[in-house]
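This report refers to the structure that appears directly beneath it.
In what follows, chains are A, B, ... by sequence order, proteins preceding strands, each numbered from 1.
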Number of protein chains: 2
Amino acid sequence: MKRDPRNILQQYKLKNTPVRVSVLEVLLGSRVALSHNDITERLKGKDIDKVTLYRTLNSFTEKGLTHKVPTEDRNWLYAIFDEDLLRPATDHYHAHFVCNKCDKIYCLPVEEHQSMQNSSIKMGFKVLSSEVRLHGLCPVCQ
Amino acid sequence: MKRDPRNILQQYKLKNTPVRVSVLEVLLGSRVALSHNDITERLKGKDIDKVTLYRTLNSFTEKGLTHKVPTEDRNWLYAIFDEDLLRPATDHYHAHFVCNKCDKIYCLPVEEHQSMQNSSIKMGFKVLSSEVRLHGLCPVCQ
DNA sequence: ACTGATCTTGCAACTCAGTTGCATATTCTG
DNA sequence: CAGAATATGCAACTGAGTTGCAAGATCAGT
Ligand SMILES: [Mn+2]
Ligand SMILES: [Mn+2]
Ligand SMILES: [Zn+2]
Ligand SMILES: [Zn+2]
């Protein structure tokens, strides 16, 4: 019940519409971050307008339900922020794993950012948030 | 002599042309990563073709002289990889600091990626390289 | 349930970074 | 001073994402 799309939308103050439910189901069902294109393919038959999909994803992101990750080839991937939908996007240190072979991007939980931040602070930067991006081979591809 | 643009081009097996020398001079003179647009502005008067500039930057990057960093608004910034031009792009752990106020991206030296990598390996990922992206306020803006 | 303010959807036209093809000019090795 | 290999310039193109606007759906208050 907690993870029902309609409840989640309500919880994130997003109006409950068929498009949003479908898109959210796709995102909930994916282990990796998905592009606009990926989502469109997984919703073949539903024939959702491309602009509507962009706006849906932006709404999700603005409300903190999803976050977006830039790819190497200058577009965006979207993912549910937290598997348990517990922590909001803003106060969560974040890591992404980019597979060199299949190009999939995985969201990883990471706790140990402290040392990195401390050394930056020493250099005169004030760190408010951070993202770690690891490249290599995912469990499927190695 | 070591940091003369012409020598650097030769060292990176890039043909010595006026365009390349100008672009390299701009990159060497900047503390922050620069966009295609930034470089064009700094080369007003030289009237370099936009396609040529893209191709120049790509050549630099392919040869490991520069690297490119994706921005939040889906375009690229380019920077000389290493201040001392000592280490090639591929075996260098990398950090970027994105200023929330001025949007500048700084390249930072970072040594402490080990703990992060170790925890990823435990989860079944094979880490080959990493980028850390820190957000906050740069020394100029705070 | 009905109304109405508010938000969402769909379509067309647009923007803008980056690419591709091709003809001409330049580099640099022998 | 060749001549092959590479760089440059221009025009046309690509494709992700945006904007404006009119029509449709949602949902809180009655
Ligand atoms: Mn993520
Ligand atoms: Mn850098
Ligand atoms: Zn993979
Ligand atoms: Zn700043």
Touch check for A:D49, heavy atoms < 4.0 angstrom, all strands: base, sugar-phosphate only, or nothing?
base
Is the backbone N or O of B:K50 less than 3.5 Å from a side-chain atom of B:H36, with the two atoms forming a donor-acceptor pair by type?
yes
To the nearest angstrom, the NZ-P distance between A:K13 and C:dT6 comes to 18 Å
*asked:* What's B:T56 touching, base or sugar-phosphate or nothing? Going by heavy atoms closer than 4.0 Å.
replied: sugar-phosphate
Every protein N/O within reach of nucleotides 24-30 of chain C N/O, cut-off under 3.5 Å:
residue: C:dC28; atom: OP1; partner: B:N16; partner atom: N; Å: 2.7

Is B:R133 salt-bridged to B:E72, going by a charged N under 4.0 Å from an acidic O?
-> yes
A:Q10 CD to D:dT26 P, in whole Å, measures 14 Å
- request: Side-chain contact test, heavy atoms from C-beta onward, threshold under 4.5 Å: evaluate it for B:L24 versus B:I80 and give yes or no.
  value: yes
Base C:dG18 paired with B:K50 side chain (donor-acceptor, <3.5 Å): yes
Value for OG (B:S22) from CD1 (B:I48), rounded to nearest 0.5 Å, stands at 5.0 Å
Which of C:dC11, C:dT20, D:dG17 is nearest the side chain of A:R55? It is C:dC11
#### Entry: Any donor-acceptor N/O pair, B:K13 side chain to B:K63 backbone, under 3.5 Å
no
| How is B:N58 classified with respect to the nucleic acid when contacts are heavy atoms under 4.0 Å: base, sugar-phosphate, or nothing? | sugar-phosphate
d(B:L77 CG, B:L34 CG) to nearest 0.5 Å is 7.5 Å
Within residues 36-46 of chain A, the residues having a heavy atom closer than 4.0 Å to DNA chain C are none
With the side chain defined as heavy atoms from C-beta on, B:V19 is closest, among D:dG9, C:dC11, C:dT9, to D:dG9
Taking C:dT8, C:dG10, D:dA11 as options, the one with an atom nearest any side-chain atom of A:R20 is C:dT8
Angle separating the five-pair end axes of the helix from C:dA1-D:dT30 to C:dG30-D:dC1, nearest 10°, is 40°
| task | Would you check if B:K68 and B:N58 make a side-chain contact, meaning some heavy-atom pair closer than 4.5 Å? | result | yes
B:Y54 atom OH is separated from D:dA7 atom P, nearest whole Å, by 19 Å
Atom CG of B:L57 and atom P of C:dA17 are separated, to the nearest Å, by 14 Å
- Task: Go through the N and O atoms of the side chain of A:R74 and the base of D:dG17, and report whether any donor-acceptor pair is under 3.5 Å.
- Result: no
Check: Crowded around A:Q10 CD? As in, over 12 foreign heavy atoms under 6.0 Å?
Finding: no
Between A:L9 and A:F60, is there a side-chain heavy-atom distance shorter than 4.5 Å? yes
